[in-house]
Peer 1: 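So that we are looking at the same thing, I have put the structure below in structure tokens.
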Amino acid sequence: MTQAPARTNDPTVSPAVWPGSPQPLGARHHLGPDRTPGTNFALWAGGAEAVDLCLFDDDGRETRHRLAEPTHEIWHGFVPGIRPGQRYGYRVHGRWDPWTGARWNPAKLLLDPYARAVDGEFAPTPEVYGHVRDWPQQDLADTVRDERDSAAHVPKGVVVDDRDSWTDDRRPKTPWADTVLYELHVRGFTKRHPGVPEELRGTYAGLAHPAALDHLTGLGVTAVELLPVHQFAHEDHLLRRGLRNYWGYNSVGWFAPHAAYSASGTRGQQVGEFKRMVQALHGAGIEVILDVVYNHTAEADEHGPTLSLRGIDNRAYYRLAGDARRYTDYTGCGNTLHVVRPHTLRLITDSLRYWVQEMGVDGFRFDLAAALARSLHDVDMLSPFLAVIAQDPVLRRVKLIAEPWDVGTGGYQVGAFPQLWTEWNDRYRDTVRDFWRGALPDVRDLGYRLSGSSDLYAWGGRRPYASVNYVTSHDGFTLRDLVSYNRKHNAANGEDDRDGTDDNRSCNHGAEGDTDDPEILALRRRQLRNLLTTLLLSTGVPMLTAGDEAGRTQGGNNNAYCQDDETSWTDWSLLDDPGWRGLYELTARLLRLRRDHPVLRRKAFFSGRPHGPEGVRDLTWFTGYGEEMTEADWFAPGATLGMYLHGQDLPQRDAKGRPVTDDSFLWLLHAGTATGAFRLPGPPWGTAYELLVDTAREDQAEPPGTLLRPGDKLPLPPRSVQLLRARPQQARDVRS
């Protein structure tokens, strides 16, 4: 096999290493034989011929230790005197035969996949590639081994002090039915926050600052869903364009908090800082959910860099194609982890347990979860990954959220994940967007989405909270951009607008982007109120995207994954604008309503059957005229839907076994462009109605408080939502 010129100036191989232990994997500092302080190193490298542990001093000088004690393909050794803060990596020896998937190359320093802290970043230089990138025959370049040393261009693992153990016993343990998710980016959420000290902005410590916590608690969310905080790398093509991977869906270290988000240091300090952030959030009653990427790695396809797993055992960690030079790609990112392999599955589950038990997190959202659920090829809900999660005594007790699709054949699996799992419900997203832009042919699908998506989740013991309802997420338009742009504007990404979806289901309402037209601006603000009200009153688990509650814009960029700037960062100045402040206040008021009324966060699906002596169904549907819907009404064109939520005889009990009862509500959604008229129903539904929310009003600081009689015709302004509380007794102050 052709090879590039050999490297020179090899560091000395040192024999000063004791046998140590194969368990646990990674680097663990402790007392060894004769109570000698040191660190045990253990790396699984199936098929390797030899493994060198490489230690680096502060000047970057390298000392190698040959790990000569393989046990069940785990190479291990105890090095006396090695303390927390020590930087290290591995060189793994073996065959170079890409035609069979073997890509061992000891010239490349490899990051320990179990490293719990990482210092430094990858540089986009030729040395970090296991093959010769500039080989004259590009179709064979990935088969030619590059002998240049990569150590100066890659980050190192860091030995962490085990004494910094998890001590927080204040986990909120919020039930799923009571959960409100808030998706945010650690850096972007605090980077421009005026109340966070400048030196803490963009960091874990910044998110733990009281100014950041006050916004979350004032809004009323119960959990933050953090975009990836595992150590990740920036793609070469982005760095060459002067950009960076902002979102972080490019993992290389599944035990290490991303070092760039640390205000206190990167030699292990990031671990303690992350734990203190979690403790601060828990102290505020907020759970921490991590968005995790176990489906692929930053090493990409056969033309990508050799950073960690590829050089440890390429054939074991990755799904290879029939031509073993190539990778099976169910992720769109060049490779797919081979989760069926025992040691790959162990890496993932060890990582998950670590973040729960030692870092204190409360759950996970799994990026492209369908890729993890594949067995040999097809998505399989009895796959090893899902089976292991289901029986694991730690993991089965935390919150588990699936992004229930990947890009491979048969990868769309919304509604198919088993018990214990909730799912991002893109059917909810698309239906609600279409309704408010006037693109639904009828209201059948809307009825399912508002009431918990029973067509998707009412099987196998699943509950309405299996549906994570959302209108926007990090991926796509912000809420404000959704009502301001008809098409994406991604030129800043440098990909000639080829990136990002074209299926935005958005509407600019008369002008593309910014405008001074007061009528267009007023309509857009009303549509924002409609979308937020719909989301927060729907049955299921609502997820807000950070900044949507205050009108954050990305200027029409619907794929801002590489925009680490004001395009993506939360704009806190919007809260100083009375118009956007009103949107925040409406969001907070809706979340208080949701918190105070169990009928708005049901634990069981609606039955549609009569309840109680009055025979009122738990859910009654009304047409836009105030009449009970017939079967034909569901199929007729319509832009209005009414829902009566009966608060008596809820199918749940409190902690002491007592029946839970609540107020009853009438919820009216009118997406039409002309004013409608809804005749309020009389008994048994209500003897009077109190208007609580009217999105046609600009001022949302206080509820309207209007009282109405049964039989009154309630005007439905164009594109508006009304929420009314039904009063069981005739009120004396009813409007005449």
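This is a predicted model, so every value here is computed, not measured.
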Peer 1: Show every side-chain hydrogen bond (donor to acceptor under 3.5 Å, both in side chains) that has at least one partner inside residues 389-399, sequence neighbours left out.
Peer 2: E287-K399, R353-D392
Peer 1: Which of parallel (below 30°), tilted (30 to 60°) and perpendicular (above 60°) describes F366 and W421?
Peer 2: tilted
Peer 1: Which residues pass the salt bridge (charged side-chain N to carboxylate O under 4.0 Å, His left out) test with R505, sequence neighbours left out?
Peer 2: D430, D434, D503
Peer 1: H234 and F232: aromatic ring centres closer than 6.0 Å?
Peer 2: yes
Peer 1: Who pairs with E49 by side chain to side chain contact (heavy atoms under 4.5 Å, CB included), at least two apart in sequence or on another chain?
Peer 2: R95
Peer 1: Who are the side chain to side chain contact (heavy atoms under 4.5 Å, CB included) partners of S251, not counting sequence neighbours?
Peer 2: H230, W254, V293
Peer 1: Apply ring pair (Phe, Tyr, Trp, His ring centres under 6.0 Å) to the pair F78 and H30, showing each step before the final yes or no.
Peer 2: CA-CA 10 Å; F78 180 87; H30 61 83; 5.4 Å; yes
Peer 1: Please tabulate, for side-chain N and O atoms in residues 123-130, each donor-acceptor pair with protein atoms closer than 3.5 Å (sequence neighbours left out).
Peer 2:
residue	atom	partner	partner atom	Å
T125	OG1	E127	OE1	3.1

Peer 1: Indicate yes or no for a side-chain donor-acceptor contact from N557 to the backbone of K488 under 3.5 Å, with no hydrogens or angles considered.
Peer 2: no
Peer 1: For Y249, check ring-ring contact (aromatic ring centres under 6.0 Å, His included) against everything at least two apart and list the hits.
Peer 2: H474
Peer 1: Determine the sole option in R87, K156, R91 for which the side-chain hydrogen bond (donor to acceptor under 3.5 Å, both in side chains) test with E62 is passed.
Peer 2: R91
Peer 1: What about the rings of Y246 and H185, do their centers lie closer together than 6.0 Å?
Peer 2: yes
Peer 1: Exactly one of Y90, F255, F41 should register a ring-ring contact (aromatic ring centres under 6.0 Å, His included) with Y114. Which one does?
Peer 2: F255
